[in-house]
2 protein chains.
Amino acid sequence: MARLADPDLAVRRRQQILDAAEACFRRRGFHQATMQEICAEARISPGALYRYFDSKADIIAAISEEKRRDAEEEFRKLMVERTFIDSLIAVARKFLAKHSDSEAGSLLCDIASEAARDSILAQRLFGIQEGSVASLAEAVAVAQARGEIDPALAPMEVARMLMTFFDGISVRAAFKIEPHETILHQFRVVAERYLAPTTRAPT
Amino acid sequence: MARLADPDLAVRRRQQILDAAEACFRRRGFHQATMQEICAEARISPGALYRYFDSKADIIAAISEEKRRDAEEEFRKLMVERTFIDSLIAVARKFLAKHSDSEAGSLLCDIASEAARDSILAQRLFGIQEGSVASLAEAVAVAQARGEIDPALAPMEVARMLMTFFDGISVRAAFKIEPHETILHQFRVVAERYLAPTTRAPT
DNA sequence: ACCTGAACACCGTTCAAGT
DNA sequence: ACCTGAACACCGTTCAAGT
């Protein structure tokens, strides 16, 4: 990528390309969409595009980061009001809708498989997801103070496990076979039993 | 794919191609590996290869099915002896090792993203995974009889949730950042609390 | 400085020609 | 019947030439 004179133009052009690329990916998937299509959608020539992104993979990386950031915001917004579990299910429901709606279901899978082969991308994405985990952990701590979650559980570990679950749900959603409400109901059972303040009878 | 005279040769050729393809995918990933490489590895010409598989995606589908079948066998083998939870952790450990070892970590992600875009493949893979879920559910039922798992839980639902978790763990493993034992420890906590026969105090 | 678009190397796939 | 390998259409990327 070349040095740029007008940073403002650069920012605009990048966004213009990213928007076009996302539209194309959404329609045809990561690997099916061609650079020609992206260029046409962005109304820009291939040569110009390569001034702003090193490669197709670079565009993928940038969009992945955007997505992860969006997800983090989603978390922050939903993790207030209601009980913790209800918020959690609401987040999961949004997640499912997003991942099976249209052809975008494969996005997380594509991103993960890209990250598996590119450790620099993996680090970047992991860093961003840590943001989500941290804000989720905060919500856990608050819920613990409210007595909704067992105080014996470590908030960060809970947050990480819930995030792992979300990833699993995304994979399942990609198959588009089971009804969402079935998955959500099962998830609620897991979450309730996992998180409940157990005043278990002594063994 | 053309009609074939000698079904035995066909079977041999298909396996020969699948073995070569898997070696290539393992080295370079699904989308990086080229048909030329696969042909070279299989010591066969492109024209010959296309007698046995319709497309690269078709090879991907066949390998995906193999992988899912292997996973099912793995489940059956491990889900005996020991306590249920210990078996589960052992399975998860094997899973993690397989998914982060070498460049094969992205395989499940690639498969899932392929399935998201191809509903016929999705159906085929889902059917195979149902086999794993069913045998896992059996193990759950046995553990319930032994008093290790709360009898109030529906075995099939538990099996499905645990499978969802495995998918999530695979995605996380693809990033190759966190130590496996950390993930496994957290997973154990979830499994124990989720499955434990709760003699909870009444609210 | 920024852009265009033909050109390049290479991909997955096909098909005329061999045995 | 089964195979070969050059050829085809098309991909991601580059770069000489324009403004």
Side-chain angles (χ1 to χ4, degrees), chain A residues 1-25 27-64 110-111 113-114 117-118 121, chain B residues 1-25 27-64 110-111 113-114 117-118 121:
Chain A
M1 201 162 21
R3 291 280 122 215
L4 304 164
D6 178 2
D8 199 50
L9 173 64
V11 169
R12 265 184 295 125
R13 279 271 185 278
R14 278 182 67 93
Q15 197 54 51
Q16 172 185 352
I17 293 164
L18 287 179
D19 289 344
E22 197 186 328
C24 293
F25 290 155
R27 263 198 300 273
R28 305 230 297 140
F30 246 85
H31 293 281
Q32 313 283 344
T34 70
M35 293 301 262
Q36 292 292 345
E37 283 166 19
I38 296 170
C39 288
E41 180 88 23
R43 279 171 229 284
I44 208 173
S45 70
L49 186 151
Y50 278 89
R51 274 188 78 80
Y52 301 100
F53 291 95
D54 285 335
S55 65
K56 195 180 184 186
D58 194 29
I59 295 179
I60 288 170
I63 289 186
S64 306
D110 282 318
I111 288 169
S113 84
E114 209 63 32
R117 232 170 276 115
D118 179 346
L121 174 60
Chain B
M1 200 161 21
R3 292 278 124 215
L4 304 164
D6 178 2
D8 199 50
L9 173 64
V11 170
R12 264 184 295 125
R13 280 271 184 278
R14 276 182 68 92
Q15 197 54 52
Q16 171 186 352
I17 293 164
L18 287 179
D19 290 344
E22 197 186 329
C24 292
F25 290 155
R27 262 200 300 273
R28 305 231 296 141
F30 246 82
H31 292 280
Q32 312 285 341
T34 71
M35 293 302 260
Q36 292 292 345
E37 283 166 18
I38 296 170
C39 289
E41 180 90 21
R43 278 170 231 283
I44 208 174
S45 69
L49 186 151
Y50 278 89
R51 276 188 78 79
Y52 300 100
F53 290 94
D54 285 333
S55 64
K56 195 182 185 185
D58 194 28
I59 296 178
I60 287 171
I63 289 186
S64 306
D110 283 318
I111 289 170
S113 87
E114 209 64 30
R117 232 169 276 116
D118 178 347
L121 174 60

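Nothing here was measured: the structure is a model prediction, and the numbers come from that model. Residue numbering restarts at 1 for every chain, and letters A, B, ... go by the order of the sequence lines.
Closest to the side chain of Thr34(B), from the set dG12(C), dC2(D), dT13(D), is dG12(C). When distances are taken from the side chain of Ile44(B) to each of dA1(D), dT4(D), dT13(C), the shortest belongs to dT4(D). With distances taken from any side-chain atom of Pro46(B) to the nucleotides dT13(D), dG5(D), dT4(C), the minimum falls on dG5(D).
Side-chain atoms of Arg51(B) and Arg13(B), non-hydrogen and from C-beta on, never get closer than 4.5 Å to each other.
Between Ile59(B) and Ala21(B), the shortest heavy-atom contact is CG2-CB, 3.6 Å. The nearest pair of heavy atoms linking Lys56(A) to Ala33(A) is NZ-O, 2.7 Å.
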Problem set entry | Bracket notation of DNA chain C in which parentheses pair within the strand, [ ] cross earlier pairs, and | pairs with another strand (Watson-Crick or G-U, under 3.5 Å) | ||.|||||...|||||.||
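Rounded to whole angstrom, the span from the CD atom of Gln32(B) across to the C1' atom of dC10(C) amounts to 13 Å. In this structure, CZ of Arg12(A) is placed 9 Å from P of dC3(C), rounded to the nearest angstrom. One atom, CD of Gln36(A), and another, C1' of dA7(C), lie 12 Å apart when rounded to the nearest Å. Protein atom CZ of Arg43(B) is 22 Å distant from nucleotide atom P of dC2(D), rounded to whole Å. In this structure, Leu49(A) places its CG atom 14 Å from P of dG5(C), rounding to the nearest Å. The nearest whole Å value for the distance from the CE atom in Met35(A) to the C1' atom in dT14(D) is 12 Å. Residue Leu9(A) contributes atom CG, which lies 9 Å from atom C1' of dA1(C) at whole-angstrom precision. If you take CD of Gln16(B) and C1' of dC3(D), they are 12 Å apart, rounded to a whole angstrom.
Legend: residues meeting side-chain contact (heavy atoms from CB on, under 4.5 Å) with Ser55(A), ordered by chain and number and at least two apart, are Ala57(A), Asp58(A). Partners of Glu22(B) according to the salt bridge (charged side-chain N to carboxylate O under 4.0 Å, His left out) rule, which considers only residues two or more places apart in sequence or in another chain, are Arg26(B), Lys67(B).
One finds a side-chain N or O of Arg13(A) lying less than 4.0 angstrom from the OP1 or OP2 phosphate oxygen of dC3(C). Contact annotation: Tyr50(B) reaches the phosphate of dT13(C) (side-chain N/O to OP1 or OP2, under 4.0 Å). Within the structure, a side-chain polar atom (N or O) of Tyr52(A) is placed less than 4.0 Å from OP1 or OP2 of dC3(C).
If you find the closest nucleotide of DNA chain D to Ala48(A) and to Glu37(A), the one lying nearer the 5' end belongs to Glu37(A).
Under the 3.5 Å distance criterion, with hydrogens and angles disregarded, no donor-acceptor pair is assigned to the side chains of Arg12(B) and Gln15(B).
Rounding to the nearest 0.5 angstrom, the gap separating the CG atom in Leu49(B) from the CE atom in Met35(B) is 5.0 Å.
Residue contacts shown for Ala33(A) are limited to sugar-phosphate atoms, with no base heavy atom under 4.0 Å away.
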